[in-house]
Amino acid sequence: MLLAQFPIVDVMAVMSVLEAANAVLCELRRDALYEVRLAGWSGPSVTSSSGIPLAVRRAPARLRPAATRMVIAGGPPVPGRESVRERGDALAWLQRQRAQWPRTYTIGREAAALVGQAVWLDQGAGASVPWSDWRETGVTRGAEMALSLVMEDLGGAIASTVAHRLAAPYERLPDDGRVPGAFAERAWGDARVVDLHRWIGGHLRQHITVAVLAEQLSMSERTFARFYRRATGLTPAAAVLRIRLDAATRLLAGADNPVKQVAVQCGFSSAEVMRRAFLRHFRMAPSQYRALHVQGMR
């Protein structure tokens, strides 16, 4: 949904990310997930803050059940009755969507204030509008917001692939355990953790137990387990798996080694064990992950 003076860079970024995600799904032989429709409250087009108009559809009286997310973008209103009326129409429209209110995100302070006002009015009337499902994203944050949605829907492997292809700032998003490479490359606050992760990365073919890791830091197993969970929020076993997966994604993306050989190099007991780990963490098989990166380099 577009209000006049919307930041065109963010709107185009959202559309580009979702279009790229659909392209990745097509490469994986899956159906496209996202259908984007631009709508507004006045005229056949809405003018951005840079003066470039975008063609829009008239906002429907009621959102379709298929509309699962709504992004509202807008900037400061321009002087004149038309802009004031547009925001009044938008506020009334938002209040009519109580029965089918999708997860809503905003780009720009004016859009955030408009949604917040609609939610406040509806709450005052006793309606149950899920206001906690909307948030403001500042200028140039459209790509990050869209990538976070892709990660939520499709997993970190597809989201990071899209980010890489678009040169988008995905590294600033929080890692939820599904982003390839994010764990091993993270700068931990404790140098001992960084050194330990570096040691694990150099000894992936070994059978790495809690006792082996504790010995590296000259701690008892119990003391080490408490220290490590406090420092990273993970168990040592989960961390070793994450580092193995990170190493595997790098090998798959940068070499032609057979998947079975990659599994051995990264310390997995078999290619099948690695495949199950990929499916659980990245929602795709190692062969699919490699195919995405090969396709992206063509």
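What you see is a predicted model; the values in this text were computed from it and never measured.
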Q: Could you walk me through whether Leu166 and Val17 pass the side chain to side chain contact (heavy atoms under 4.5 Å, CB included) test, one step at a time?
A: CA-CA 8 Å; Leu166 297 179; Val17 166; 3.9 Å; yes
Q: Heavy atoms only: give me the nearest Ala271-Lys260 pair and the separation to one decimal.
A: CB-CA, 4.0 Å
Q: Please report the shortest heavy-atom distance between Pro236 and Leu213, naming the atom on each side.
A: CB-CD1, 3.8 Å
Q: Give a yes or no on whether a salt bridge exists between Glu152 and Arg103, defined as a side-chain N under 4.0 angstrom from a carboxylate O.
A: yes
Q: Give the minimum heavy-atom separation between Ile158 and Arg30, together with the two atoms involved.
A: CD1-NH1, 4.0 Å
Q. Does the pair Arg198/Asp195 count as a salt bridge with the N-to-O cut at 4.0 Å?
A. yes
Q: Return the minimal non-hydrogen interatomic distance between Phe6 and Leu54, and the atom names on each side.
A: CZ-CD1, 3.7 Å
Q: Spell out, as yes or no, whether a donor-acceptor pair under 3.5 Å connects the side chain of Asn22 to the backbone of Tyr34.
A: yes
(Q) My understanding is that only residues two or more places apart in sequence, or in another chain, count here; which of them pass ring pair (Phe, Tyr, Trp, His ring centres under 6.0 Å) with Tyr228? (A) His197, Phe224
Q | Partner residues of Arg226 under the salt bridge (Lys or Arg N to Asp or Glu O under 4.0 Å) criterion, sequence neighbours left out | A | none
Q: Please check if the side chain of Ser160 supplies one atom and the backbone of Gly156 the other of a donor-acceptor pair under 3.5 Å.
A: yes
Q. If you measure from the Lys or Arg side-chain nitrogens to the Asp or Glu carboxylate oxygens, is any gap between Arg165 and Glu27 under 4.0 Å?
A. yes
Q | side chain to side chain contact (heavy atoms under 4.5 Å, CB included) involving Ala23 - partner list, sequence neighbours excluded | A | none
Q: State, yes or no, whether a side-chain contact exists between Arg69 and Tyr105 at a heavy-atom distance under 4.5 Å.
A: yes
Q: Apply side chain to side chain contact (heavy atoms under 4.5 Å, CB included) to the pair Asp153 and Val150, showing each step before the final yes or no.
A: CA-CA 5 Å; Asp153 294 335; Val150 172; 5.9 Å; no
